[in-house]
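As the structure lists them, so they are numbered: ligands from 1, and atoms in each ligand from 1.
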Amino acid sequence: MVVVMKQDAGEAEIEAVCEKVRAVGGEAFVSRGTVHTVIGLVGDTERFEAIPFGQLPGVDHVIRIGKPYKMVSADLHPSPSTVKVGPAVIGRETFTLIAGPCAVESYEQALTATQAAKRAGATILRGDVFKPRTSPYSFQGLGEQGLEILDACRRETGLPIVVEVVDVSHVQHVAEVADCIRVGTRNAQNFELLKECGLARKPVMLKRGLAMTVDEWLQAAEYVAQRGNADVILCERGIRTFEPSTRNTLDLAGMAVAQRESHLPVIVDPSHAVGKRALVGPMALAAVAAGADAVMIDVHPDPEHALCDGPQALVPDEVVALGERLAAVARAVGRELASEAEPGAR
Ligand code: PEP
Ligand code: MN
């Protein structure tokens with residue numbers, strides 16, 4: 001059960017609802033959205049039925065959602081929500097390009113990739129400083145120094161940054177520096193990490209786990225939303241299947257299912273899905289045509305010498321050319337380009 005508060009409900013009214021829920025042995029999770037505050041109830045539904053929510057001051061309405069995810073369910077918000085990442089937006093009416101290096105390696109490498117991303121029409125920069133690598137002998141990221149480099153790239157170009165977090169202990173610090181934090185595939189069901197991200201005051205991009213169903217992915221997103229952070233962006237990045245010719249199998253149908261089942265923006269990372277440069281463009285274009293709210297592309301000025309994921313990285317001229325084609329497809333399917341939208345219009 002979810003209690004939706006009136007737009008002008010005050011803190012005392014929100015607390016009074018939580019108090020009633022606790023008085024019957026339940027737990028109340030408050031999630032403050034841009035328009036409404038919603039309170040998710042956990043416990044014995046029969047006991048909640050006895051609470052006269054409709055008569056409590058500040059309560060707008062109550063929704064009964066019979067799914068294991070409630071705060072992120074389309075039943076809660078029949079109209080899709082928009083998430084702001086710094087000055088940029090990701091939502092169902094716009095198309096947003098996110099691009100940048102898989103891993104930050106140096107200031108020169110990151111800045112060249114960032115400038116290419118911007119020329120391609122990207123309004124958000126991706127770049128990682130903690131890399132969850134399959135092998136412990138692979139490059140693990142620059143850590144704090146990498147965050148400083150990303151901050152410098154942001155100052156240089158104005159692009160907000162999205163950065164992966166891999167450990168509970170650094171979520172709050174990364175969230176102070178980054179405009180959006182990301183939970184990667186390998187941590188998509190690390191529930192303690194998800195809960196900590198739910199306490200962060202920045203949007204959270206949640207990648208789909210390698211072997212996660214859409215339903216499990218939405219339940220993982222619920223962990224973040226339930227702790228109070230309603231600004232979640234889902235990212236389809238390919239799943240493990242029997243097919244070895246691409247790194248993973250891009251599940252565009254899964255993206256479309258997530259868009260129907262949830263009000264959250266859903267984006268696609270074709271780079272990590274296919275793992276091969278030549279296939280990134282075709283899958284990015286397909287994602288936009290299928291309705292992805294954004295695509296996220298790896299860029300590297302010198303992929304041959306990249307410390308991480310070189311074979312899938314586009315070089316600057318390639319991402320710029322792809323950006324033009326993505327914009328054309330986005331317009332053809334009725335999307336406004338986020339790069340051309342009025343900043344702060346949504
Ligand atoms: C990444 O985007 O660099 C990354 C590590 O992705 P994933 O978690 O999807 O493997
Ligand atoms: Mn990568």
Side-chain angles (χ1 to χ4, degrees), residues 85 90 96-105 109-110 113-114 117 122 124-136 138-143 146-147 149-150 161-167 171 174 178 180-190 193-194 197 203-212 214 216-217 220-221 224 232-241 246-252 254-255 258 266-277 279-280 283-284 287 292 294-303 305-314 319:
V85 174
I90 303 183
T96 300
L97 178 61
I98 305 168
C102 173
V104 174
E105 298 170 12
Q109 170 257 5
T114 307
I124 301 175
L125 169 65
R126 65 148 293 148
D128 285 340
V129 302
F130 304 105
K131 294 307 301 177
R133 305 302 296 280
T134 302
S135 164
S138 302
F139 175 60
Q140 304 283 312
L142 292 184
L147 280 180
I149 292 174
L150 283 173
I161 53 184
V162 52
V163 183
E164 178 165 359
V165 288
V166 297
D167 193 85
V171 168
V174 175
C180 177
I181 55 179
R182 197 178 78 243
V183 174
T185 291
R186 291 157 192 81
N187 275 313
Q189 282 182 309
N190 178 338
L193 185 63
L194 294 170
C197 290
V204 177
M205 180 185 290
L206 174 62
K207 289 226 176 162
R208 181 176 178 184
L210 278 171
M212 247 181 170
V214 173
E216 288 164 342
W217 187 20
V224 180
V232 182
I233 301 154
L234 298 170
C235 180
E236 159 63 33
R237 49 77 72 205
I239 50 175
R240 275 271 163 98
T241 69
T246 50
R247 186 174 177 183
N248 297 286
T249 297
L250 179 62
D251 183 14
L252 285 183
M255 175 211 75
V266 188
I267 75 165
V268 168
D269 174 346
S271 304
H272 288 81
V274 298
K276 291 179 179 167
R277 182 170 307 117
L279 300 177
V280 170
M283 291 304 99
V295 297
M296 183 159 81
I297 311 274
D298 278 12
V299 183
H300 198 290
D302 180 12
H305 296 101
L307 299 181
C308 186
D309 289 347
Q312 71 198 31
L314 301 191
V319 75

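Below the 2.8 Å limit, the Mn ion (ligand 2) has as protein N, O or S neighbours C102 SG, H272 NE2, D309 OD2.
Here the options are T185, D269, D251, the test is side-chain hydrogen bond (donor to acceptor under 3.5 Å, both in side chains), and the partner is R237; only T185 passes.
Proximity of S138 to K131: side-chain heavy atoms (C-beta onward) are nowhere separated by under 4.5 Å. Contact of the M283 side chain with the T246 side chain is not registered, since no non-hydrogen atoms from C-beta on lie closer than 4.5 Å.
Not a single donor-acceptor pair under 3.5 Å links the side chain of Q189 to the backbone N or O of N187.
For the residue pair H300 and E105, a side-chain donor N or O sits within less than 3.5 Å of a side-chain acceptor on the partner.
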Practice task
Check the pair I233 / R182 against side-chain contact (heavy atoms from CB on, under 4.5 Å), numbers first and verdict last.
Solution key: CA-CA 9 Å; I233 301 154; R182 197 178 78 243; over 6 Å; no
Problem - CA sep, side-chain torsions, deciding dist, call: L250, E236, side-chain contact (heavy atoms from CB on, under 4.5 Å) - result: CA-CA 8 Å; L250 179 62; E236 159 63 33; 3.9 Å; yes
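Enumerated by chain and number, the residues approaching ligand 1 to less than 4.0 Å through a heavy atom are C102, R126, D128, K131, E164, R182, G184, T185, R186, K207, R237, D269, H272.
For A287, the side-chain contact (heavy atoms from CB on, under 4.5 Å) partners two or more places apart in sequence, or in a different chain, are L252, V268, A292, V295. Remark: A221 engages V72, L206, V232, L234, L264 in a side-chain contact (heavy atoms from CB on, under 4.5 Å) (not counting sequence neighbours).
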